[in-house]
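Reminder, nothing fancy here: chain letters follow the sequence lines and each chain counts from 1. What's counted below: heavy atoms across the whole structure, side chains too, no hydrogens, waters or symmetry copies.
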Amino acid sequence: MSSIDLTLQIWRQKNNDSLGHLETYPLSGINTDMSFLEMLDVLNEQLTRAGKEPVAFDHDCREGICGMCGAVVNGIAHGPERETTLCQLHMRNFRSGDTLVIEPFRSRAFPIRKDLMVDRSAFDRIIQSGGYVSVNTGGTPDANTIPIPSQVAELAMDAAACIGCGACVASCPNGAAMLFTGAKISQLCLLPQGQPERRQRALAMVETMDREGFGNCTNARECEAVCPKGISIRNIARLNQEFLAASLLEG
Amino acid sequence: MKLDARIPSGDLAQKWDNYRFASKLVNPANRRKFTIIVVGTGLAGASASATLAEQGYNVKTFCIQDSPRRAHSIAAQGGINAAKNYQNDGDSVLRLFYDTIKGGDFRAREANVYRLAQVSGNIIDQCVAQGVPFAREYGGTLANRSFGGAQVSRTFYARGQTGQQLLLGAYGALSRQIHSGRVTMYNRREMMDLVVIDGRARGITARNLMNGELESHAADAVVLATGGYGNVYFLSTNAMASNVTAAWRACKHGAGFANPCFVQIHPTCIPVHGDYQSKLTLMSESLRNDGRVWVPIQKGDQRPAAAIPEAERDYYLEKKYPSFGNLVPRDVASRNAKEQCDGGKGVGSTGLAVYLDFAEAIKRDGEATILKKYGNLFQMYEKITAANPLHEPMMIYPAVHYTMGGLWVDYNLMTTIPGLFALGECNFSDHGANRLGASALMQGLADGYFIIATSIAGYIGASSLQPVAATDPAFDESRKNVADRIHRLLRNSMRGPAGKVTVDEVHKQLGRLLWDNCGMARNKAGLEAALEQLPAIRDQFWNDVYIPGNATDINQSLERAGRVADFLEFAEIMIRDALAREESCGCHLREESQTAENEAQRDDANYSHVSVWEYQGEGEPPVMHREPLVFDNVTPSQRSYK
Amino acid sequence: MWFVRFVSSSIGKKLIMGSTGLLLLLFLCSHAAGNATIYMGSEVFQSYADELHSHPLIVLVFSTIVLLLFVIHIAFGLYLFFENRLVTPSRYAVDKKQAKNAFAANTMPYTGLLILLFVLVHVFGFTFSPEEIPISVTVKSALSGIFYGMFYLFSFAVLAVHLSHGFWSMLQTFGVNHPRYNILIARLTYIIPAFFLLLFGGIPLYFMSGAGASF
């Protein structure tokens, strides 16, 4: 355990209508066992005691699974450690004297609400347009009726691990949401339960994704590199396949 | 306060059928005339919203996060129990029922727990149909693991992310209903008040966290699925936004709060590092299958673990409980860790940790085997602490994890306010004084998918509800009260921060007070002292807290302040409940009530009841009511792990 | 209309890019085969060219198709380029790319436009060269020039960069991504551009270096 001194440059923006700017805050005596968000807590306590407005940022579970937190730290979504959400990034990854530039996840589809807080409800709307199996409660067959090969279940789980944090969109040079959409489509197209709606799902979710203002995928692979859950772009390949098949055969 | 549990007649196995048969129904064509409010989108809230909407009701669903997919159910790792008996190892509805009620140390209601076990199988069917990628055997059937003291394998899991996958399944079902227009989703809203008209719950006042606007929403019934109150301790494994506000406001309107002192403290969490710590991280207790718990024999031993020779290590669990050893139940393991640390034998920089050592298991089974079993947990531990458990022992310490107490509900999950229902961790009904591993997910989904719809139909069918609009004066009054309270919170901040304290500072004080006096082991003197100190903290909060910003903008400090204000009020009934229950049961250990061997001593003659607290107004002590627990089908036995 | 919906969707546009890209790659292969005759001497090359032009209908049909492919590939590429620029005008104060081979991916529109420039020069220099001079003579005289030759070499390098992302990207867009074949695909993303670079780049080098003096 040791302590480090940092210079923070944090994006401050009152709301979506106002202009933002980077503001500089020196912060000293940061314990390296702290998580990144705890470091922000310390800053916020100091700002509060000085009568200034704390930095607004989204966070909840702080154990890397809810997908609520996220910011771009020195140009990398969720910071420099791979497969790690911001809340699980620890300050031992930084050295005393470092300058950290902290910016919100930016995308046309993610309007900034305040400081580092963005609105990711576009993701919800993509799911609403088809990211589920249309089955009502009750009347479902016994869970073991359809055997699913273990490997298939594992592949579906790889895709289903997505936490919807939006780092893929934030890091994509075009602001595309293909990894997010592809992960859900993959999960459901791999499983037998997802088959009946397979085609409509692909068409509907891609249509919503495009309408929400996400960009076009150019296979830049940035999303995969920053994804805190290590979701592979193989899921994007599956999405492409699904969409092509659906376009040719459906509707 | 009248406590009628409305337990249906008949044999235990017939009660749920009898209840459904006797229950009133609402004609499918009429359902669209009724509006149901659901607060919270965890497993219980999301599944309830989806199910009610599928049946045709108008549903308004509220969540505090930016998306319903983020509720804290998502963090559950281990799994979900169901009495499927897929492993052919002797499981049955009756066995799951018995394990749950025994695990709860005979402080839960038989009929509710039995129904939980009955519908557990349907939950798995439902989730599989939704496309939840549960772990599978090579032959394609569902895989199971054993969990938390059960002697059968009945836990279904999806890697270490079962809660996430189940929640995303329910979120999908909810999303489908949002798309169809049956559910109106309100994100980033916090329920600030319940609106009661003519003695019935008829709506809520919610605050839009984006602009501070207070909104009135009218309905025919209100369903709370707002989770537990573990964050009253400041540090817990709960998410940062988890709070008691919705349940507590309901309580202030006359809903009874049951067993608030029943709090589960999980033994294998990553220890606290320092004052800045914001939350605790849990690691699956399966670690204790291969890890050996020890502390140095010598007090205040500062040597690193490797430098302490075998002879100077105290494997206190193995010594004290020769037959169960490191696998004693959660509460026993937690209490013993605290005892060692209180005695000065704690390890690590804060002295608040014990070792969990895998050296012997690694020597016995090899690194590869241990990594295969615990690789992801070791990775998680290393990510947080930068120490590799393969090379040095883990350090663990107990942390607040789950609250068995909650709003009192009858068999229908209705609180003492007609029309107000509570589901999941928010109610008290199924886990008694201690919850078994992998049962929280089961209860949340049972309540939401399979129970609430019948209850709602029964309630609406049996009541003649007059239409209520959000323009009713009761809503204006509620909004005014909420606005006044927010104004009072901000009042002290006009003149700047000089000489003031922050919200977190007060919250930490409260947490410390409860952890020390109403935590793993409680005694009369400590609880009375805590009760005495509580008003001073409350006064300090209302007089000295500085909250920057205003109420008409995004203001996370103000949000936290409102929640802490409620925790400060709620803490009182928690302490009073712990004080009133002069027995040890489940997670509640009263030091006065122990056997000669320092084991928890239950007192069925005097405390076989649910304690239900009724709020009496500000400054008035709350009144306790009792719902006696009747055990017709099981015989309460004393737990022993020696 | 499903086709309009398809091509106006983000993935549809990508698929158009990918499929025209693939067809252009096939054209490149046939072109490369033809050009390889240069290495066999001027007679072989000239007879290949004469043979080709003795079937004007085939040449016309093929040229039209290739032209069409070029137009579609370029039009969709430009459309995507401008649409993507709308989405993200340099949004971060600090921006650190994390993916490997980000250079090729991020410069696709620019390398594409450079290739277009090359194609124009190439077509006006050779395809529309005066018919009375044999093509083998034109090739030799043009590519022996240091400026012209260097421009060709540079263009082939650009083409290699474009292909190094384009080939993999096309397969990904078609949904070809499987751990078993990914190693092969990864190798092909180097082998294919290198092949064209060697084959095409060798021609100007052949003439510039003087090795083709007796051509």
Gap between atom CG of B:L174 and atom CD of A:Q128 - 0.5 Å precision
8.0 Å
Are side-chain heavy atoms of A:N31 and B:H273 found at a separation under 4.5 Å?
no
For chain A, which residues of residues 159-168 of chain B have at least one non-hydrogen atom nearer than 4.5 Å to it?
B:R159, B:Q161, B:Q164, B:Q165, B:L168
Side chain to side chain, B:F134 and A:I148, heavy atoms closer than 4.5 Å
no
Atom group of A:R92 that falls short of 4.5 Å from chain B, counting heavy atoms:
side chain
Residue part contacting chain A, namely of B:Q77, when any heavy atom lies under 4.5 Å
side chain
Pair B:Y171-A:D124, side-chain donor/acceptor within less than 3.5 Å
yes
Heavy-atom cut-off 4.5 Å, strictly under: side chain, backbone, both or neither for A:N93 against chain B?
neither
Let me see the working for A:R113 and B:D66 under salt bridge (charged side-chain N to carboxylate O under 4.0 Å, His left out), right down to the final yes or no.
CA-CA 11 Å; A:R113 289 289 168 237; B:D66 69 332; over 6 Å; no
Quick one: do the A:E45 and B:T502 side chains pair a donor with an acceptor below 3.5 Å?
yes
For A:S35, is it the side chain, the backbone, both or neither that has a heavy atom under 4.5 Å from a heavy atom of chain B?
neither
Against chain B, label A:Q187 side chain, backbone, both or neither, depending on which of its atoms sit under 4.5 Å from a heavy atom there.
side chain
Using side chain to side chain donor-acceptor pair (under 3.5 Å) as the criterion, point out the one residue from B:R176, B:Q55, B:Q126 that pairs with A:N136.
B:R176
Turns out that what part of A:V118 lies under 4.5 Å from chain B's heavy atoms comes down to backbone
Determine whether A:M117 and B:R188 make a side-chain contact, defined as any pair of heavy atoms from C-beta on separated by less than 4.5 Å.
yes
Heavy atoms from other residues, nucleotides or ligands near NZ of A:K14 exceed 12 (cutoff 6.0 Å)
no
